Amino acid sequence: MERLETIVREVLEAHAADAPPADRLLEAVDGRRPRRQWSAAVAAAVVVLGIAVGVVTLRGPARHDPTVRERPFASHERLVSYHGISVDVPVRLKTTTTTCSLLRNVVVTLDNGSVMCPGPGRSRDKKPVGTVVWLSALDSGNAFAQLATDSTEIDDGYAVRRGYGRTTMNFDDVVPAGAVVIPELGLVVGVSAPTRPQIDAVLDSIHPTPIDQVGCVSDVDTLTPSGNAKASVLVPGRPTSVVRCDYESRPRAGGVRWLIDSHAFDEAMAQRAARIINGVAFAAPDSRWQLYGATLYVFAYADGTKRTVTVSGIAGPGQTMATDGIHVAVDTGHRLFDLLPWR
Amino acid sequence: VADEAFADFVQTHGADLLRVAYLLCRDGARAEDLVQDALIKMLRRWRSVGGADHPNAYARRVIVNEYLGWRRLRASDELVTDAIDLPASDQFDSIVERDAVWRLIGALAPRARAVLVLRYYERLTDREIANLLGCAEPTVRSIAARAFTALRSHPALATVPEEA
């Protein structure tokens, strides 16, 4: 058996212990078991009639609920920001953000929208490769940086290096590639695509964004939530939007964390997030907690005020913590981690 | 008599069923709902089910199917997991590794998660899983292989060696 299979088995066995106790199960089933009674039959008939009337009433002019199954802020999917720069990616591409072990701190976009984090020297995705954009740290030692040999500039006067070549990185086939290195920011943008114009379309779009298009700061040295001691919940009232700023899990030298992804959500999603966060019970913080992950949720209100909540994982028990700096809520399930859709 | 047999069944297997349901849906309240729903269905058919060789297998099948049906209703909530960083010490790495596995299993498609739970927690054979899910045995293997590919693609797990 592979070691990963062993880990999966051990993890499942460990978490099975978190299942609810069975001591009241029989009682609960007995309380819910169907019993044939005239009153129940009459009630059921009323419900069925009500549903039928409702269906008839709702039919007619088509209704459109804009919050249903629509991805929020779809227009922003073209612009991917990462530690102070943004790039346009072709609008036909889906974008997916991940952090790969081979290249730390990477944003990958792929024609089929899937995450691609293969190990060195082998392909994990045999699908035809289209345009792929890697945004990564210069110190991660990726091969794209070696392509960038010509000195030039981008917007705002950043001195950069730019170059082209071919790469087999992560693919079975050799594909055209290009790269821009921005030494001042410690960044590499690598692109592989079927043609040079497709590569240039991405590289030409690189522009600095110290605060990105949804309002996330390119790097932070502290993750500062904004709490209110009097509030009984982490997200009071009715927020009108929320922005999620994802920062690196581990701080870099000097305690700075880079922005690695951001996303804005509309009012419906903001209120959904608020409901989920507020539904998690407060807990006393434990000094033994080892936190990882660093996501800021910045809720905005109609009067212009904002409320920031930080969400982090707690290593070990698989729990997730949300805090406004004053109150701490701990989720033993998956609600805070899955708070809003990733890309 | 039927009620007594059913009560015995719940007393004997209820905790096991709750654990499987919890591993599938990862929420205590939902796990209780799943198991209660399954048991109520069983109770309605107890005369035929209770006499079967493996009423527990029947309950498990109902739970898995209920779970898959429930997840289908929430398909839009299927999520991709975010990065988990790798702190320094070996011990901490191991903790994070297991945390990552738990989170990543939670982010798998419902059938993939069900296959892993049935194969590695319930220790069913691929044939038994195929029978339970109503698919072919190679399909089970394929789902499991893709699930492991997804797990391995995560940075926290990419360095886990192939062999135990």
Side-chain angles (χ1 to χ4, degrees), chain A residues 1-22 25-26 28-29 32-34 69 96-102 104-105 115-119 124 246 248-250 260-261 290 292-293 295 313-318 332-335 337-338 341-343, chain B residues 6-7 10-11 14-15 17-23 26-29 31-32 35-37 39-40 43-44 76-77 79-87 92 95-99 101-103 105-107 116-117 120-121 123 148-149 151-164:
Chain A
M1 181 182 287
E2 277 192 29
R3 179 156 177 264
L4 187 53
E5 291 180 290
T6 306
I7 294 173
V8 166
R9 173 166 290 167
E10 290 170 357
V11 165
L12 290 173
E13 286 172 350
H15 281 278
D18 298 331
L25 187 56
L26 189 60
V29 171
R32 289 181 55 189
R33 67 189 296 182
R69 302 186 71 83
T96 309
T97 305
T98 188
T99 302
C100 299
S101 55
L102 182 62
R104 289 185 52 220
N105 310 316
V115 179
M116 193 160 187
C117 281
R124 290 189 181 279
D246 290 323
E248 293 174 309
S249 301
R250 182 167 56 190
I260 54 173
D261 193 21
Q290 291 179 290
Y292 60 89
T295 303
I314 305 172
T332 56
H334 226 241
R335 289 171 293 173
F337 187 70
D338 289 347
W342 305 95
R343 288 186 190 278
Chain B
F6 178 75
V10 174
Q11 300 286 6
L17 296 173
L18 275 166
R19 284 194 281 269
V20 171
Y22 177 76
L23 291 176
R26 298 163 161 253
D27 182 291
E32 287 176 332
V35 173
Q36 288 173 23
D37 289 349
L39 291 174
I40 287 168
L43 187 55
R44 287 181 188 144
S76 61
D77 289 351
L79 299 163
V80 176
T81 55
D82 189 32
I84 297 171
D85 206 357
L86 294 171
F92 195 75
I95 293 169
V96 171
E97 190 175 83
R98 279 161 168 70
D99 244 22
V101 167
W102 176 242
R103 290 177 186 282
I105 292 172
L116 293 194
V117 169
Y120 294 102
Y121 180 73
R123 305 196 179 204
F148 274 96
T149 300
L151 296 184
R152 282 198 175 281
S153 72
H154 196 276
L157 304 175
T159 55
V160 174
E162 298 270 327
E163 301 300 325

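Order of the sequence lines fixes the chain letters, A, B, ..., with proteins taken first and strands second; residue numbering starts at 1 for each chain. This structure is a prediction, so every number in the text was calculated from the model and none was measured.
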Can you list the steps and then say if A/V29 with B/V35 is a side-chain contact (heavy atoms from CB on, under 4.5 Å)?
CA-CA 9 Å; A/V29 171; B/V35 173; over 6 Å; no

Can you say whether B/V117 sits under 4.5 Å from chain A via the side chain, the backbone, both, or neither, judging by heavy atoms?
both

Heavy atoms of A/A19 and B/L18 approach each other most closely as CB-O, 3.8 Å

Any residue meeting side chain to side chain contact (heavy atoms under 4.5 Å, CB included) with A/E13, in chain and number order, not counting sequence neighbours
A/R9, B/Y121, B/R123

Please report the interatomic distance CZ(B/R19) to CG(A/D18), rounded to the nearest 0.5 Å.
11.5 Å

Closest contact, heavy atoms only, A/L12 versus B/L23:
O-CD2, 3.4 Å

side-chain contact (heavy atoms from CB on, under 4.5 Å) assessment of A/L25 paired with B/L17
CA-CA 11 Å; A/L25 187 56; B/L17 296 173; 5.9 Å; no

OH/B/Y120 to OG1/A/T6 distance, rounded to the nearest 0.5 angstrom?
9.0 Å

